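Here's the structure, in structure tokens; my notes come after.
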Protein chains: 2
Amino acid sequence: MRVVGKAGAMSPISIKDIARAAGVSHSTVSRALGDSSLVSAETKARIQRLAHDMGYSPDAQARSLVMGRTRTIGVVVTTIADPFIGEIVQAVESTANDHGYTVILVSSNAESDREIKAVEMLRSKRVDGVIVTSSRVGALYQDYLERLGVPVVLINSHSQQGGVYTFAVNVDNRHGGCLATEHLIQLGHRRIAYLTGPADHSDDLDRLAGYRQALAEAGVAFDPALVVQGTGRADGGKRALPVLRALQAPPTAVFCYNDVTAIGLMHAARQAGLSIPGDLAVVGFDDIPFASYIHPPLTTIAQPKLEMGKSAVAMMLALVSDRDRANATPLTRSGQTSAMPSRDIIVRGRLVARESSMGLHGGLAAN
Amino acid sequence: MRVVGKAGAMSPISIKDIARAAGVSHSTVSRALGDSSLVSAETKARIQRLAHDMGYSPDAQARSLVMGRTRTIGVVVTTIADPFIGEIVQAVESTANDHGYTVILVSSNAESDREIKAVEMLRSKRVDGVIVTSSRVGALYQDYLERLGVPVVLINSHSQQGGVYTFAVNVDNRHGGCLATEHLIQLGHRRIAYLTGPADHSDDLDRLAGYRQALAEAGVAFDPALVVQGTGRADGGKRALPVLRALQAPPTAVFCYNDVTAIGLMHAARQAGLSIPGDLAVVGFDDIPFASYIHPPLTTIAQPKLEMGKSAVAMMLALVSDRDRANATPLTRSGQTSAMPSRDIIVRGRLVARESSMGLHGGLAAN
DNA sequence: TTGTAAGCGTTATCAG
DNA sequence: CTGATAACGCTTACAA
């Protein structure tokens with residue numbers, strides 16, 4: 001049974017406390033703890049033991065104050081209660097941790113006042129960099145991010161114009177749109193709708209472009225009536241169904257901006273008595289965890305979320321150490337250095353064919 | 001067009017810079033910025049203007065160093081790529097932010113080495129408190145948490161024994177288990193299975209207890225064969241199906257530890273050609289966002305996630321300010337103070353009846 | 001009302 | 001190898 005001692009808010013022990021206990025100066029303790037070669041192996045060992053026994057924990061704030069970096073990155077999301085964002089953040093957080101970095105999480109709910117408040121907070125905390133996920137980064141917001149003076153890496157976010165500090169990791173939306181549409185064409189569909197995400201989202205426009213490209217390559221005429229407005233949320237899919245059915249020549253297949261939209265659409269279709277994929281084949285985008293668990297399992301374009309998170313952190317870290325190195329030689333406008341070959345990383349998604357597009361015994365999956 | 005100036009890593013401006021520009025001492029600046037009454041309204045305004053114009057941002061670390069608190073809380077989760085946890089964290093993060101607190105997110109993947117690394121990190125960052133979500137807090141882990149010396153609030157987590165600093169917000173699992181089971185009994189089911197979560201999880205045991213209580217109150221005999229082991233993940237539901245079907249007297253309904261398990265079960269059932277709820281009625285627990293979007297929509301016990309997140313933060317903040325106040329009067333073992341009436345908050349879930357238990361025209365939902 | 005000085009816990013520079 | 005000493009940016013007695 002361990003004696004706990006006074007449970008009150010005792011301030012944690014510092015290197016000075018250890019110094020006193022060890023009969024040395026606090027700088028020697030600092031060196032010993034930092035495994036410096038300027039301390040005799042003997043006293044080093046002694047001090048390290050002592051520090052351990054006394055339950056010493058270095059004060060990251062004090063250290064950061066003098067070191068000029070916090071080993072902390074800010075992660076800004078609209079909401080983490082979104083399965084796709086959740087997976088990205090999970091990847092970001094764990095790779096950051098593996099590299100000794102801590103993550104401060106801020107959610108903005110896509111409200112611009114919260115966004116600027118968030119940035120202000122991160123600035124005060126002196127984060128070494130910021131990663132922004134799945135946001136449409138408006139001009140004002142981007143300006144604030146720029147002024148942070150630290151590297152900013154955008155994941156699947158669109159910014160107005162590239163800024164000095166802004167780098168990005170994006171999925172190849174056009175390619176994904178192509179894959180999805182080609183898949184449906186291959187299954188014999190000719191009237192294929194595209195159910196969009198939120199308006200003015202560049203991801204959405206690129207996926208649409210991929211859709212059109214695939215149609216064109218297959219010699220299928222593009223029909224603007226088949227492009228239906230969604231929201232990027234489940235309700236968008238729900239509300240789109242009646243619109244699709246009201247068309248003179250309704251589609252036999254729908255490519256949706258994302259999985260959540262597709263799920264909303266399928267839900268509504270089912271309630272309307274439509275069979276999927278019999279009456280309507282559906283393809284989503286993202287491959288959220290539940291895509292394979294809904295009924296029918298959703299065909300989708302899988303984004304390599306883990307890879308994207310890792311890449312974003314790697315990019316961030318490269319930028320940070322870059323800046324360290326470049327104290328007298330600041331980043332050039334192009335931001336090119338040996339360690340940082342490019343300011344944009346594009347990763348490709350892959351088609352995950354499931355039953356929502358081809359049924360249990362349909363097309364490619366026949367067995 | 002704004003001139004950006006040297007893009008290099010210029011250190012941000014400090015109160016000394018402002019002091020120099022304003023022709024006053026840095027302490028006057030500090031006071032002015034802190035809106036102290038010890039500065040003439042005139043100079044105060046002048047300094048505040050200046051600070052704004054110069055783009056000043058206070059250094060939270062320096063401030064924390066002298067103030068002794070960081071206004072930062074650590075949030076530890078197993079993984080945020082879990083819809084339930086995601087929603088809790090969302091609630092925690094936004095309420096914390098509303099109160100001027102920043103959230104450091106750490107995910108442990110339920111690996112004990114990561115858990116202790118996480119705690120060590122939070123300690124170094126000098127967080128004012130820690131909130132732990134949905135973990136089985138093992139003895140070792142809890143010991144580490146205790147030694148942090150800051151308040152710890154557990155959300156839906158079970159700890160071995162209450163420690164000095166450990167407080168909790170929990171859903172009433174027994175009550176939830178009761179609700180779910182009563183619902184199935186009311187629909188006429190008598191052979192009702194319980195599909196468990198991960199082994200040795202107290203949540204699971206309490207839900208089981210609620211299940212048994214409801215059975216007993218309805219005069220239905222408890223059959224141990226109907227308690228089938230799951231994992232808390234979708235695969236648990238999947239693997240449980242054959243076990244359930246192999247029983248001499250298979251159940252007509254299943255209450256699952258959580259929604260994810262229920263979804264895995266329903267998925268498997270569907271592939272096996274069973275109809276839900278016709279062949280098997282299913283009830284989950286949590287009410288994750290997708291519960292209403294799967295097919296059939298899942299009947300479940302909704303946890304008040306927003307309320308739980310808010311309560312946890314409120315509790316945390318109360319504990320923190322408590323400790324502030326109690327510099328000379330440390331917390332007693334009971335931790336009772338005026339502001340903190342109880343060390344445990346229990347919230348009740350509510351039944352959300354959907355089609356997985358009663359079909360479109362079944363029971364209560366008939367219209 | 002303002003300035004001076006000390007101190008928070010570190011690291012780093014410079015003598016010894 | 002080790003110890004003073006300064007510095008990081010801030011708050012806060014204590015003096016003026």
Side-chain angles (χ1 to χ4, degrees), chain A residues 9-48 50-51 54-72 123-128 149 324 327, chain B residues 9-48 50-51 54-72 123-128 149 324 327:
Chain A
M10 287 182 305
S11 56
I13 71 141
S14 73
I15 52 171
K16 287 185 182 172
D17 298 317
I18 301 175
R20 207 170 306 125
V24 294
S25 76
H26 76 275
S27 26
T28 300
V29 175
S30 175
R31 282 190 278 255
L33 264 35
D35 203 33
S36 157
S37 56
L38 302 170
V39 194
S40 76
E42 185 190 23
T43 49
K44 188 189 288 186
R46 186 165 58 92
I47 289 173
Q48 284 173 349
L50 203 51
M54 295 175 72
Y56 171 75
S57 164
D59 187 316
Q61 326 217 53
R63 200 204 294 266
S64 299
L65 197 55
V66 43
M67 302 283 269
R69 1 186 267 125
T70 54
R71 291 192 177 279
T72 296
R123 181 141 95 122
S124 261
K125 296 283 186 186
R126 297 295 190 262
V127 295
D128 293 337
D324 279 359
N327 271 343
Chain B
M10 286 184 305
S11 55
I13 71 142
S14 73
I15 51 171
K16 286 187 183 171
D17 298 318
I18 300 175
R20 207 171 306 127
V24 295
S25 76
H26 74 276
S27 32
T28 301
V29 175
S30 174
R31 285 189 275 254
L33 264 34
D35 204 32
S36 157
S37 56
L38 302 170
V39 195
S40 77
E42 185 188 23
T43 50
K44 187 189 288 186
R46 187 165 57 93
I47 289 173
Q48 285 173 347
L50 203 51
M54 295 174 73
Y56 171 74
S57 164
D59 187 317
Q61 328 219 49
R63 199 205 295 265
S64 299
L65 198 53
V66 43
M67 301 284 267
R69 0 187 269 125
T70 55
R71 291 192 176 280
T72 297
R123 180 140 95 122
S124 260
K125 296 284 186 185
R126 299 293 190 262
V127 295
D128 292 339
D324 278 359
N327 270 344

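Keep in mind the model is a prediction, meaning the values are calculated, not measured. All values below come from the heavy atoms of this structure, side chains included, with hydrogens, waters and symmetry mates left out. In what follows, chains are A, B, ... by sequence order, proteins preceding strands, each numbered from 1.
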Restricting to non-hydrogen atoms, name the atom on B/T70 and the atom on A/K125 that form the minimum distance, rounded to 0.1 Å.
O-NZ, 2.9 Å
Between A/L50 and A/A22 the two heavy atoms that sit nearest each other are CD2-CB, 3.6 Å
What is the distance, rounded to the nearest whole Å, between atom CZ of A/R71 and atom C1' of C/dT11?
14 Å
Whole Å only: how far is the CD1 atom of A/I47 from the P atom of C/dT10?
14 Å
Nearest 0.5 Å please: distance from the [atom1] atom of [X] over to the [atom2] atom of [Y].
X	Y	atom1	atom2	answer
A/K16	A/S25	NZ	OG	11.5 Å
A/R20	A/I18	CZ	CD1	10.5 Å
A/M54	A/I47	CE	CD1	11.5 Å
B/I15	B/Y56	CD1	OH	5.5 Å

DNA chain C-proximal residues of residues 37-45 of chain A, any heavy atom under 4.0 Å
none
Side chain to side chain, A/R46 and A/V24, heavy atoms closer than 4.5 Å
yes
Take the C1' atoms of the five end pairs on each side of the helix from C/dT1-D/dA16 to C/dG16-D/dC1, get both axes, and report the angle to 10 degrees.
50°
Residues that B/R126 engages under side chain to side chain donor-acceptor pair (under 3.5 Å), provided they are two or more places apart
A/S57
Side chain to side chain donor-acceptor pair (under 3.5 Å): pairs with one or both residues in residues 59-69 of chain A, sequence neighbours excluded:
A/R69-A/Y101, A/R69-A/D324
What one-letter contact string describes nucleotides 7-15 of chain D from 5' to 3', where B marks a base within less than 4.0 Å of any protein heavy atom, S marks contact via sugar-phosphate atoms alone, and - marks no contact?
-BBBBBB--
Atom pairs and distances, donor-acceptor, side-chain atoms in residues 37-44 of chain A, under 3.5 Å, two or more places apart:
residue, atom, partner, partner atom, Å
A/S40, OG, A/T43, N, 3.2
A/S40, OG, A/T43, OG1, 2.7
A/T43, OG1, A/S40, O, 3.1
A/K44, NZ, A/D35, OD1, 3.3
A/K44, NZ, A/S36, O, 2.9

